[in-house]
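Here the structure comes first, spelled out in structure tokens, and everything after it is commentary.
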Amino acid sequence: MKEYEIVSTFLNGCAGAAHPTTDFEEAQLASTDDFVRTKHGTDFDKFVKELMPDGKIVYTFDNGTVCYIYEFTEV
């Protein structure tokens, strides 16, 4: 298992929210995929996973109405 700092961002364009909701947490995970899959179930296949040059792992789902972004940085 690896320990990650996780930044979760949620934007809700449908509700007209002007500011995103951002949460921070740390967790020991065997799989970042499983973390996102647990939170979003059947929508997991719609997420785009990116491995950034600095080692960060970013998952993004944006359907035009809502947007979820999860950023995982190994601690």
Pairs of donor and acceptor atoms involving the side chains of residues 2-9, under 3.5 Å and at least two apart or interchain, shall be tabulated with distances.
none

To the nearest 0.5 Å, tell me how far [X] [atom1] sits from [Y] [atom2].
X   : Y   : atom1 : atom2 : answer
M1  : Q28 : CE    : CD    : 6.5 Å
T21 : N12 : OG1   : CG    : 8.5 Å
K39 : F61 : NZ    : CZ    : 16.0 Å
D62 : Y68 : CG    : OH    : 11.5 Å
E74 : L29 : CD    : CG    : 10.5 Å
F72 : D33 : CZ    : CG    : 8.5 Å

Using 30° and 60° as the class boundaries, would you call the ring planes of Y59 and F44 parallel, tilted or perpendicular?
tilted
Verify the distance criterion only: is there a donor paired with an acceptor across the side chains of H40 and Y70 at less than 3.5 Å?
yes
If you group Ile, Leu, Val, Met, Phe, Trp and Tyr whenever their side-chain heavy atoms sit less than 4.5 Å apart, what else falls in with V75?
none
